[in-house]
Amino acid sequence: MTDSSLALASRSPVSGRWAVRADLLDFVDDPGFAAPAEAPGVRWRPDHVLLVDGERIAAIQPASAPLPEGWTDVPVVDRRGQLLMPGFIDTHVHSPQLDVIASYGTELLDWLNTYTFPAEKRYADPEVSRVGAERFLGALWANGTTSAVVFPTVHKVSADALFKVASARRMRLIAGKVLMDRHAPDGLRDDVEQAEKDCVDLITQWHGRDRLAFAVTVRFAPTSTPEQLAMAGRLFQAHPGTYMQTHVSENRDEIRWVEELFPTARSYLDVYDREGLIGARSILAHGVWLNAEDRAVLREYGAQIAHSPSSNLFLGSGLFDWMKAEHEGVNVSLASDVGGGTSLSMLRNMGDAYKVQAMQGVRLSAWKALYTVTLGAARHLGLSDEIGRLEPGSVADLTLWCWAKGQVAEHRDQLARDLHERVFSWMTLGDERNLLATYVAGNCVYQADEPTH
Ligand code: GUN
Ligand code: ZN
């Protein structure tokens, strides 16, 4: 362990009592695709004080009310007039791909071979993995993301490194080493036996420890042999509480390739289903080209699609029909899919999600988008008692935002006529530069300028 990771590990998870005063926005239910003015589930508490005791939210009250006994002397982060929200949840993102974000000129399969696979090879080196994990998780916090479902690389050490940094900061992280035993270059393939051993080691060491969970991480059907997919299914079934993450039906050339490789499967999704890889804890990125039967299968299991609008636009993959998926009972969360996606900022990803829906004649309200990256994702992950809401008892994973940064946004903010208009223009024009501070389990992990706590 290096000096910096020792320093992280020795931080006390419990920082005592403190409070923050701001305008609170969160959700108590799914606003759906209702018009903003009629949307249910929105909870707006202007000028409130949120009290934090150790890792958790202790109470929330109007700023005008006297503080309870025992709280009168606690430090108060005074951010009146600014926005406090639960930390955002990114349900699909690749930690090593900060090295290839914004790479020019390709669709999925060429992009993997040209940029991504060569970059991921470097993570065999424990030092590259360690520095990369610190850089990546620091970047998530600097974008307002406090929980994530992450693909590292095929190397066990890359998963270990992520878990280590997340554990030291008491972060909610779901990850696992990537499984890929074919159609990948030298240095980036495992084999069934070693992969299983590595996964079992990682489960033993990290799963259920602190706020960490293991995900059986099948890269995608083309890079695993049928034998490896069968092993992955057995692992997922044998270890209750683990998640499963993969990609499905993202790109049309990819789908044609899967059809060639698995001619007896009913569909791309079926390649996973018949190996026992689909369940309520399965997170499948993209699903742009699923058919009605696939959606029915996802609904039956309660599995979720991690819709990745920035990535789908950047890699030219297609337009995900979010409303149809939800009308047919599929759980949908939102994800950056960096480096296919071009920003870790969930504000930017929500802005892209709006545009993807607009291309299909559907309007995505700020309420629906923000619900999805907070309570919606928490519910689909089975974690809504812990994250996603500003609620006594929830873990204090918090983000503080300023409404507008720069002339254009400030001007637009001043002209907003109602709350949705204000929040929507913030979501659409804002990004990580609007972020003032991020707290994970009650500790400040990012602050924009002067110390806030
Ligand atoms: N399919 C298989 N691997 C990847 C990846 O790294 N990114 C995306 N967007 N799709 C994939
Ligand atoms: Zn991905």
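As the structure lists them, so they are numbered: ligands from 1, and atoms in each ligand from 1.
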With the side chain counted from C-beta on, respond yes when Tyr243 and Leu381 share a heavy-atom pair under 4.5 Å apart, and no when they do not. yes
Numbered atoms and elements of ligand 1 in range of Gln97, under 4.0 angstrom, heavy atoms: 5 (C), 6 (O)
So which of His94, His247, Glu254 gets nearest to atom 1 (N) of ligand 1, if we judge by its closest heavy atom? His247
Check ion pair Arg172-Asp397 (N to O, under 4.0 angstrom): no
Is any side-chain N of the basic residue among Lys324 and Glu328 closer than 4.0 Å to the acidic one's carboxylate O? no
Is there a nitrogen or oxygen of Glu120 sitting under 3.5 Å from a nitrogen or oxygen of ligand 1? no
Which ligand 1 atoms are under 4.0 Å away from a heavy-atom of Asp337? 8 (C), 9 (N)
Thr116 N/O to ligand 1 N/O under 3.5 Å: no
Could you tell me whether Glu300 and Arg295 have a side-chain N and a carboxylate O separated by less than 4.0 Å? no
Vertex the Zn ion (ligand 2), ends Asp337/OD1 and His92/NE2: angle to nearest 10° comes to 90°
So for Thr223 against ligand 1, with non-hydrogen atoms under 4.0 Å, the contacting part is neither
Is it true that Glu386 and Arg211 make a salt bridge, defined as a side-chain N closer than 4.0 Å to a carboxylate O? yes
The criterion is salt bridge (Lys or Arg N to Asp or Glu O under 4.0 Å); which residues satisfy it with Asp26, sequence neighbours excluded? Arg43, Arg45
Pair Asp186 + Lys121, salt bridge at N-O below 4.0 Å: no
Would you mind checking if Lys197 and Asp201 are paired as a salt bridge, meaning a charged N to carboxylate O distance below 4.0 Å? yes
For the Zn ion (ligand 2), give me the closest N/O/S atom belonging to His94, just the atom name. NE2
Which protein heavy atom lies closest to atom 6 (O) of ligand 1, and at what distance to 0.1 Å? Arg219 NH2, 2.7 Å
Consider ligand 1: state whether an atom of it lies below 4.0 angstrom from any non-hydrogen atom of Trp111. yes
Just which atoms of ligand 1 are under 4.0 Å from any heavy atom in His286? 9 (N)
What protein heavy atom sits nearest atom 10 (N) of ligand 1, and how far off is it? Glu250 OE1, 2.7 Å
